[in-house]
Each structure stands twice: as C-alpha cells, then as structure tokens.
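Position 1 is the first residue of the sequence; numbering continues from there.
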Amino acid sequence: MDINITVENGTIPVTVMAVNGNIDASTYEKFQSEADKLIKGGARHILIDLAKSPFVSSAGLRALHQIFNQLRAVDSSLTDEEVR
C-alpha cells in the first residue's frame, strides 16, 4: 500500500490522502499512522481518496472511524449537521 499526500488550497486547505492498495489487517496501522501524523501536524480537513484502493477490510473501516473521531475531537464546536 502506498499513500500519497497532497494539500489542495481552496477556501480552506484540504489534505488529500490518496491510497493505492488495500487497507486491511496488514496495512491499516500504516494508514492510521500517516493520518495521525497529519492531524498532529495541523491538518483539520482530510479527504481520503480510495479510488485506487480495491479493498477495505473491517480493520480499515475501524481506522477510518478512528480518524473521523480524532478530527471531531480537535474541533468539537461543529454540529453533526455541519460535519455531514
């Protein structure tokens, strides 16, 4: 699995994580670790591009959920509707 990181500067900066390969039990830790580094580095809006990721296991889904929860904890002032 390869992860390419880019930042798109629009109205707000969005960090794009483009995943190339499966996110499963053997790769989810690397995926989550990369997201953790981005969040600790100040990323507040992360878009995860799974166009080249043919398979996401339950471990990958847990990692996605964990990343979502970390971002929500950073800015808890947003309502559920604003997040959607």
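- Here I46 is tied into one hydrophobic group with M1, I3, I5, M17, V19, I23, Y28, F31, L38, I39, I48, L50, V56, L61, L64, I67, L71, V74, each link being a pair of ILVMFWY side chains closer than 4.5 Å.
- Every residue two or more places apart in sequence or in another chain that forms a side chain to side chain contact (heavy atoms under 4.5 Å, CB included) with S26 is listed here: D24.
- Residues passing the side-chain hydrogen bond (donor to acceptor under 3.5 Å, both in side chains) test with D2, sequence neighbours excluded: none.
- Heavy atoms from other residues, nucleotides or ligands lying under 6.0 Å from NZ of K30 number more than 12.
- The shortest heavy-atom contact between S57 and A25 is OG-N, 3.8 Å.
- Q70 pairs by the side-chain hydrogen bond (donor to acceptor under 3.5 Å, both in side chains) definition with D36, not counting sequence neighbours.
- Considering only residues two or more places apart in sequence or on other chains, E29 meets the side chain to side chain contact (heavy atoms under 4.5 Å, CB included) condition with none of them.
- For A18, the side chain to side chain contact (heavy atoms under 4.5 Å, CB included) partners at least two apart in sequence or on another chain are N4, D49.
- Here the CG atom belonging to N22 is positioned 6.0 Å from the OG atom belonging to S53, to the nearest 0.5 angstrom.
- Residue pairs meeting the salt bridge (charged side-chain N to carboxylate O under 4.0 Å, His left out) criterion with at least one partner in residues 37-46, sequence neighbours excluded, are E34-K37.
- Take N9 and apply the side chain to side chain contact (heavy atoms under 4.5 Å, CB included) test, not counting sequence neighbours, and it matches V7, P13.
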Residues H45, T15; criterion side-chain contact (heavy atoms from CB on, under 4.5 Å); working and verdict
CA-CA 6 Å; H45 303 280; T15 304; over 6 Å; no

